[in-house]
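Heads up, the thing below is written out as structure tokens.
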4 protein chains.
Amino acid sequence: MSVMPFRGGAAREAELLGAVLEVLRETGYDRLTVDAVVARARASKQTVYRRWPSKAELVVAAFVNAVSGGPAVPDTGSLRGDLLALMDVLLDELDELGDVIAGLLGELRRNAELAAAMEQHYIGARRRSLLAVFERARARGEVSPEADVELLWQAGPAIVFFRALVSGEPVDRALARRIVDRVVLPLL
Amino acid sequence: MSVMPFRGGAAREAELLGAVLEVLRETGYDRLTVDAVVARARASKQTVYRRWPSKAELVVAAFVNAVSGGPAVPDTGSLRGDLLALMDVLLDELDELGDVIAGLLGELRRNAELAAAMEQHYIGARRRSLLAVFERARARGEVSPEADVELLWQAGPAIVFFRALVSGEPVDRALARRIVDRVVLPLL
Amino acid sequence: MSVMPFRGGAAREAELLGAVLEVLRETGYDRLTVDAVVARARASKQTVYRRWPSKAELVVAAFVNAVSGGPAVPDTGSLRGDLLALMDVLLDELDELGDVIAGLLGELRRNAELAAAMEQHYIGARRRSLLAVFERARARGEVSPEADVELLWQAGPAIVFFRALVSGEPVDRALARRIVDRVVLPLL
Amino acid sequence: MSVMPFRGGAAREAELLGAVLEVLRETGYDRLTVDAVVARARASKQTVYRRWPSKAELVVAAFVNAVSGGPAVPDTGSLRGDLLALMDVLLDELDELGDVIAGLLGELRRNAELAAAMEQHYIGARRRSLLAVFERARARGEVSPEADVELLWQAGPAIVFFRALVSGEPVDRALARRIVDRVVLPLL
DNA sequence: TCATAAGCGAGACGGTACGTCGTGTCTTACG
DNA sequence: CGTAAGACACGACGTACCGTCTCGCTTATGA
């Protein structure tokens with residue numbers, strides 16, 4: 001007498017990760033407990049631990065699942081517009097998942113595999129989008145040849161992360177505009 | 001016939017925070033337990049919890065105590081030299097206490113009081129040093145009047161934190177030099 | 001490849017109570033620690049506290065478990081023999097578990113549920129045995145009709161408890177004989 | 001600017017014991033804490049521990065102080081009246097201090113000195129009163145020569161203690177009368 | 001008259017136990 | 001065989017109480 005139809009492995013996996021996100025949104029990362037996730041998904045702990053070996057991996061999986069795909073490379077016609085569009089996406093994500101990221105940073109320092117997953121699916125995806133935007137601008141001649149693009153792409157995200165996670169200052173679109181207009185663009 | 005001299009409250013406090021740092025250095029933030037600290041300091045849990053209401057506050061206190069005072073404002077004669085000196089301090093601190101910071105960021109998001117303490121004694125102290133350096137440079141005419149100093153001071157720290165804590169890229173003096181020469185100075 | 005066979009809840013419960021008794025015998029009631037019990041049984045505190053909400057309830061459960069069943073109703077052929085047999089059982093129990101009883105009396109006064117359990121399984125069982133002996137004697141005509149059996153059954157136990165727990169006088173078989181011959185039997 | 005006049009050692013001692021009794025009456029023996037006593041008496045812990053080496057000794061001292069002197073030997077003219085008068089005193093004391101006695105019994109088993117103090121000042125005093133009453137009755141010829149007075153004096157107290165502390169049955173004057181009329185007097 | 005000791009309040013301290021919580025492993029019973 | 005349910009060992013948390021200690025003040029006594 002099951003109260004729920006059987007669901008294959010992949011579908012169940014998505015449900016579990018969804019439950020993780022729900023609990024994350026309600027309680028934050030470190031108040032999240034595997035028991036809460038399991039109760040939310042009407043699952044068993046074994047069902048979770050069969051797939052992810054620890055709470056950290058579970059949360060990273062849910063996080064990556066939530067942000068995966070990453071931002072589409074925008075095409076507003078101007079470099080400035082593209083940059084602002086990407087910064088907006090970053091801001092929204094930080095707003096929603098900043099707690100999760102902050103909670104995970106400690107784990108990432110100790111678990112290279114987790115760190116690699118985050119780099120690959122989160123930071124990496126955003127880096128690739130930014131670099132694509134820069135590349136297109138370079139093709140249009142908007143980028144000075146001696147600009148250190150490998151360093152510059154992360155100036156914007158870095159400042160936003162720094163304020164959101166470390167210094168606690170507000171991050172909003174005005175800030176994004178300031179960064180783009182007074183830091184990134186002048187250096188290109 | 002006491003086997004040990006009496007130590008006033010303030011002295012005991014310093015000993016406790018010292019024990020926290022020792023344990024932090026040996027075991028890392030997340031493996032740190034209050035019991036370990038207490039054993040190290042030959043203290044009782046009450047002695048700790050009388051002063052700091054939770055493990056997080058204890059660790060923040062130890063961190064703040066370790067970095068407080070902040071970097072002396074350097075005076076190498078040139079803006080570039082001063083900036084590099086400050087970046088070096090930042091790098092050393094991150095190297096030594098990066099794990100602690102990463103572990104604490106989650107707590108800071110949920111505890112405004114802790115966040116304020118960190119901002120006041122850690123980030124704030126470094127911001128004040130950097131701004132003092134900028135101010136001196138401005139007096140010497142090395143800073144363009146329209147430079148957004150309030151934003152620029154954090155470009156260096158932000159990039160360093162971003163790489164050290166979020167993207168996992170290496171941070172070293174070469175990077176510091178790159179940041180100063182290709183981001184901060186050009187924008188001034 | 002489990003290193004130990006699974007034991008159902010009921011079996012585990014018996015093991016835990018056994019560990020309590022072991023620790024009781026070794027260290028006495030007041031020195032008994034839940035941690036010691038847990039270590040002895042290779043159990044977790046949760047496993048204990050899941051079943052019994054406090055140390056007191058745990059100890060009462062172990063005590064009740066140890067004495068439950070109570071003394072078989074003896075049948076020596078004579079009332080005097082039966083009474084002496086029951087008193088002997090009482091003496092042995094007091095000798096072995098007197099410390100535990102003395103330690104528990106304080107708790108029992110504040111916890112009616114615990115007191116009821118003790119009355120039901122310890123005192124009650126002994127009362128029932130004594131009354132059965134009296135009843136059989138009455139059937140044989142050895143009991144005067146106007147004897148206050150409801151009061152008399154507890155004269156023996158009461159004196160023994162009084163001396164063992166309160167006044168600190170020795171209790172031995174000679175005393176038991178004295179009580180039976182000079183108090184109980186004459187009043188019947 | 002002291003808020004309280006100085007009190008010599010003996011007077012302070014009585015105040016402290018009074019505070020113990022107050023706290024005992026409010027919270028019972030095992031919920032009593034030395035800190036509570038100290039707060040109640042506006043005293044310092046050292047002031048308590050200078051006089052009594054442990055909580056148990058403190059409470060026993062307060063108890064003995066409260067019941068000291070013991071019951072005056074009554075003289076109602078009849079043995080029965082005298083016995084009932086003494087039983088009434090016992091009942092009142094048990095009613096008021098039963099919790100304390102129950103809480104202390106565990107300690108007494110482990111601390112012979114404490115047990116001796118209780119026996120001397122509490123049980124002993126009551127035994128002496130009862131024996132005096134028996135002795136007077138014997139002089140009047142009310143006591144059979146072969147009665148085991150050394151055993152009989154404790155029948156009444158024992159049954160009362162047993163019911164009050166162990167079996168949890170009610171103790172009242174009707175019970176006292178029953179004990180005197182159906183147990184003690186018939187055996188004399 | 002003043003200092004010097006003794007008792008005191010206040011309360012911090014080391015130690016030990018408590019009862020709670022969370023993780024990751026495990027067993028059972030069901031479908 | 002995968003699952004829901006949930007017991008379990010382990011280990012950390014934060015609280016409570018005991019008995020010892022130090023401090024600084026007040027009182028009592030002796031020079």
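Each chain gets a letter, A, B and so on, in the order its sequence line appears, and its residues count up from 1.
Side-chain atoms of B/Gln46 and base atoms of F/dA16 include a donor and an acceptor less than 3.5 Å apart. Within 3.5 Å, a donor on the side chain of B/Ser44 pairs with an acceptor on the base of E/dG15, or the reverse.
If you take CG of D/Asp35 and C1' of E/dA10, they are 11 Å apart, rounded to a whole angstrom. What separates CD of A/Glu13 from C1' of F/dT3 is a distance of 15 Å, to the nearest Å. Rounded to an integer number of Å, the gap from NZ of D/Lys45 to C1' of E/dA10 is 11 Å. If you take CZ of C/Arg50 and P of F/dA7, they are 5 Å apart, rounded to a whole angstrom. Across the protein-nucleic acid pair, A/Lys55 atom NZ and E/dC21 atom P stand 15 Å apart, rounded to whole Å. Between the CG atom of C/Asp30 and the C1' atom of F/dC18 there is a distance of 14 Å, given to the nearest Å.
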Please tabulate, for side-chain N and O atoms in residues 113-120 of chain B, each donor-acceptor pair with protein atoms closer than 3.5 Å (sequence neighbours left out).
residue	atom	partner	partner atom	Å
B/Glu119	OE2	B/Arg127	NH1	2.8
B/Glu119	OE2	B/Arg127	NH2	3.4

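Proximity of B/Arg12 to the phosphate of E/dG14: a side-chain N or O atom is located under 4.0 Å from OP1 or OP2.
With distances taken from any side-chain atom of A/Ser54 to the nucleotides E/dC18, F/dC13, E/dG24, the minimum falls on E/dG24. Checked against E/dA12, F/dC8, E/dG24, the side chain of C/Arg51 finds its nearest nucleotide in F/dC8.
Scored by the salt bridge (charged side-chain N to carboxylate O under 4.0 Å, His left out) test, A/Arg31 finds no partners at all (sequence neighbours excluded).
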Candidate pair C/Phe63 and C/Val20, rule side chain to side chain contact (heavy atoms under 4.5 Å, CB included), full reasoning: CA-CA 9 Å; C/Phe63 178 84; C/Val20 173; over 6 Å; no
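Within the 4.0 angstrom heavy-atom criterion, only backbone atoms of the sugar-phosphate kind lie near A/Leu32; the bases stay farther away.
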